[in-house]
Each structure stands twice: as C-alpha cells, then as structure tokens.
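A short worksheet on the structure shown next.
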Amino acid sequence: MGLFSIFKKSETLPPLTDDEAARLAANSEAERQSQQARQREIARATAMKIDAIESAMAADIFNLPEPAWGSQRPVRPPRAAGNDAFDAIATTLLLGDDALPLAVADAATPVVEEIAILYANGQRAVAEQMLSDAVAATAGLNSDRTPWWMLFDLYQVSGQQDAFDSLSIDYASTFETSPPPWNAPAALATASPGWAGLTPTAALSGVLDQHIAPQLERLRQQAASSPVLRLEFSRVSAVDAEGCALLLDTLRQLQASQRELILVGAPALATLLRDGIATGRREGGEAPWLLLLELLQLQQREKEFEHTAMDYCVTFEVSPPSFTPPQQVAMAPVQNIAASSDRFMLPPVIEHQLGPLLPAIQQYAEQYPALVFDCSRLTRIDYASALQLHSVLQALAAQGEGRKIALRDVNHLVTALLRLLGYASLARIYPHKY
C-alpha cells in the first residue's frame, strides 16, 4: 500500500435519482409554505391583539367629556344601495366623474381587509407577501385588480422600482392594458415630512393675460405662511406674452423661496404654449418660450426641454438654457370638477392618534363649508388614528344640514382601510386612478 493511499480522498457520493430529487424539492416547498403559514398566523394574532388594544384606547379617548368627537368606536355600516342625499347636492367643489366613489363600490374581500389592517399597523413585509400571493392567485381579464393596485402602491411608497417594473409586466399581460406609471417618491413628502395643513390654491382660467396678476400676488403672499402651494392650469384656454411673463416670474420666485409646488394641468398648458410658437417666429416675444421651457423642466421632460431649447436658441439667437431637475415640485392629475378651493393636505404618515393634526382640522372646518382633504402624500394611517379621524369627520358631517366631505387622491392601501371602517358613509373617497 502506497503512502498516499492512506490519505486518499473519500469517494464521490452517487448522484440523486430523479425520485429522490423530486422528494427533496417537495419537502423544501412544503417547508417553505409551512413557514409562510406560521408567519401569517403570527401576523394575524398580532393584528388581533393590536386591534383589541387600540379599540380599548379609542374607547377611552372617545369617552372623554368631549361630545363633539363621539363616544363609541365606529361600527361599519351596512352598504347602502345609493347615496341620494349626497348626489342631490349641487356642490361642484365635490361632485365629479373623475373617480368612482367607494360608497357605491363592491365590497372588499376579507383578504384585502386583512392586508389593509396589517399594513396600517406597520407590518409591511407580511402585507407585501400576502399581496404577492393574492396577485399570483388572480388570472384573466375579469380578476379583481384591487390587490394589484395595493401592491403597486406598496412598491411605490417603499421605493421598490425593480419590483414595480416586474409587476407591471405581469399586469399588462394579465389585463391586456397599460400598467400604471412609476412615480418616484415625491419630493414634497421628503422635504417637509411632518407638515400638514391648508394648501393655498391659485386656479387660473380663461385667458392667461395681465388679469392673473392679483391671483398670483395673493399666492405669493400666502407663501409666507404655507410651505406648499397649488397652481391649477387645466382651465386656461389662451395665453398672451404678458400673462406668460407674470406666471414665469411667479414660478421662479416661489422656487427661489423654496416653496413646494403642486401643479395641476401643466401638460395641457405646455401643449397650449407649444401650439402658439414656431421656430424662427419672434412675434409674441420670448416669454411664451421661456414659460414652456420652465413647465417642461418642472415636469422633468428633459428630452422635450432640450429640443425646445434648441428651437428657442435658433429663433432668438441666444445660448440655449440648461436643464436643471426640480427639487420640490409634484404633478397632480386634472379632475373634472370646478376650480378647487384651498385643500387640507394630510401628512405622509398618521399614527399614534391625531395629535396636533386635530386642532388644525378643526380650524380648517371653521373656515370652509365643504371640506376637501388632499391625501396625495398620505402613505399610511394606523388603525387607532383612522378610528379617531372617523369620529372627527362624523361629528363634522353632522353639523347643520350635513357637512360635505371628500378625500381625494387616496392610495389603495389606505382606501381599503377607510372603506373597512365605514368612511364611505361620511365622505366621498376618490382613490388615485390606475
């Protein structure tokens, strides 16, 4: 026997047979499913405990000697066939066909309601896994899209663009329609994360000329006390050079003072401006060109900005301006309602009761007969806070002949929770459209 034969390597194990490999894979899959089931049971048990604790907390809070806030945990009302009393109100501020109010929507499934509670109580990972499972279980054009929309929203608020893009491919193939666009986390939510309150609005309409000066001046004055401002352009029908110069100057001033801007109808105004200019034609001056370039920059449409900048350069024989991405600007969808009054913007996260948000809502309610809550930045509201807000809105809706209330641009995760708690009987809920 040679010396090295004493230390020779052990012989290689024989390869697994097909049956052995199949059994091993089945055991691994069964173990994975069992682990997921245990995680879900733990999550459900945790949610039930949180529900019980928060119900007791809510009862203590609402039983304080403040009759304006109610005294009971809101009970989910039975779904009514319609809301004739609300529909009969001729209030253009609230009524519109831009979204389907949840008061007349189909009932949510128990899985959707369970996910909504888990997400509201901060269990995002479990909610994400359950939504992924719910999406995987759907197939065909007639499938319920609610879990898809909720998962899209979860990916957006958590910044998971790769997962969002992957889901978009599956969504397009399943429903044979375009998937929703990815919207990067808004600069507004990161610039002043704890801010909430009245959002001054300048709703421009008709001809954009020298007559817009008082509106813009009022908005600049309001900027001194409000970090967020809203400008609506969707009802502008024509422009002239003086109006363009006034609006351009206002936009630049507000950005220089680090005000956060929400723009409604910016693409339509950009199209209107583009239709009124032509390369080589100097009639009308530079203001319409510069306002168009400003709007393209605010919308982060860099390629269109560069093409328009070159045309501007050729027309006026100047150096082309450079593209600078905006830092504190968000776009909002056009809605089929009359020019909006000032809205109350809710903060990105509401938890551990309403706190200072409560007196701010009370002050807003004292100033406006119809209440519009802007939920475009609201990513999550916890269960206890949602209960308290329900009680507050219930008291406001009962004032006089009934206060008209709307919650607009709500993400689908929050929508499911509000719907579960019976908000649709108090207010019109408009989830953002996908």
Side-chain angles (χ1 to χ4, degrees), residues 25-26 28-40 42-44 47 99-100 105-106 108-190 267 299-303 325 330-333 348-349 375-381 409-417 419 431-434:
S28 299
E29 178 63 20
E31 183 178 355
R32 186 186 68 83
Q33 293 180 355
S34 176
Q35 185 176 4
Q36 288 183 354
R38 286 196 299 271
Q39 291 176 344
R40 290 188 185 178
I42 292 172
R44 291 189 181 98
L100 178 64
D106 292 334
T109 64
V111 172
V112 166
E113 294 177 346
E114 181 183 357
I115 293 170
I117 294 174
L118 290 170
Y119 176 79
N121 290 329
Q123 300 187 52
R124 194 188 75 188
V126 179
E128 181 178 338
Q129 181 59 55
M130 293 182 67
L131 282 172
S132 297
D133 293 344
V135 164
T138 62
L141 292 174
N142 297 323
S143 301
D144 181 15
R145 303 190 189 189
T146 302
W148 293 79
W149 295 336
M150 293 172 71
L151 189 55
F152 276 127
D153 281 339
L154 190 148
Y155 286 151
Q156 297 219 57
V157 300
S158 57
Q160 302 183 59
Q161 185 170 5
D162 291 341
F164 183 96
D165 292 341
S166 178
L167 183 64
S168 297
I169 296 172
D170 295 337
Y171 183 86
S173 62
T174 299
F175 299 106
E176 299 180 2
T177 187
S178 299
W182 166 263
N183 294 318
L188 301 185
T190 56
Q299 297 174 76
Q300 301 197 45
R301 293 158 63 175
E302 186 171 0
K303 290 184 178 179
M331 300 295 135
V349 177
C375 304
S376 59
R377 292 203 303 170
L378 179 62
T379 61
R380 185 174 68 86
I381 177 171
D409 300 325
V410 193
N411 78 39
H412 293 273
L413 293 157
V414 174
T415 293
L417 180 69
R419 183 177 173 184
H432 61 213
K433 293 192 293 185
Y434 274 153

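All values reported here derive from a predicted model rather than from experimental measurement.
When F152, W148, Y171 are each tested for a ring-ring contact (aromatic ring centres under 6.0 Å, His included) with F164, only one passes: F152.
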Query raised in the report: Are D153 and T415 close enough, and set up right, to give a side-chain contact (heavy atoms from CB on, under 4.5 Å), and what steps lead you there?
Result: CA-CA 11 Å; D153 281 339; T415 293; over 6 Å; no
Query raised in the report: Yes or no on side-chain contact (heavy atoms from CB on, under 4.5 Å) for R380 and R124, after CA distance, side-chain angles and deciding distance?
Result: CA-CA 10 Å; R380 185 174 68 86; R124 194 188 75 188; over 6 Å; no
Query raised in the report: Stepwise, does the side-chain contact (heavy atoms from CB on, under 4.5 Å) test hold for S132 with L151?
Result: CA-CA 7 Å; S132 297; L151 189 55; 4.1 Å; yes
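Distance alone, capped at 3.5 Å, is enough to place a donor-acceptor pair between the S173 side chain and the I169 backbone.
Considering all non-hydrogen atoms of both residues, H412 and P431 come closest at CE1-CB, 3.8 Å. Between R301 and P267, the shortest heavy-atom distance links the atoms NH1-CA, 3.9 Å. Smallest separation of non-hydrogen atoms from M150 and A116: CE-N, 4.4 Å. Annotation for I381 and L417: closest pair O-CD2, 3.5 Å, computed over non-hydrogen atoms. The two residues P180 and S168 come nearest to each other via the heavy atoms O-OG, 4.3 Å.
For the pair I115 and V111, the minimum side-chain heavy-atom distance is below 4.5 Å. In this structure, the side chains of L131 and L154 come closer than 4.5 Å at one or more pairs of heavy atoms.
With values rounded to the nearest 0.5 angstrom, D165 atom CG is found 11.0 Å from Y155 atom OH. In this structure, CG in D409 is found 13.0 Å from CZ in R377, a value given to the nearest 0.5 Å. Between L378 atom CG and N411 atom CG the span is 6.5 Å, to the nearest 0.5 Å.
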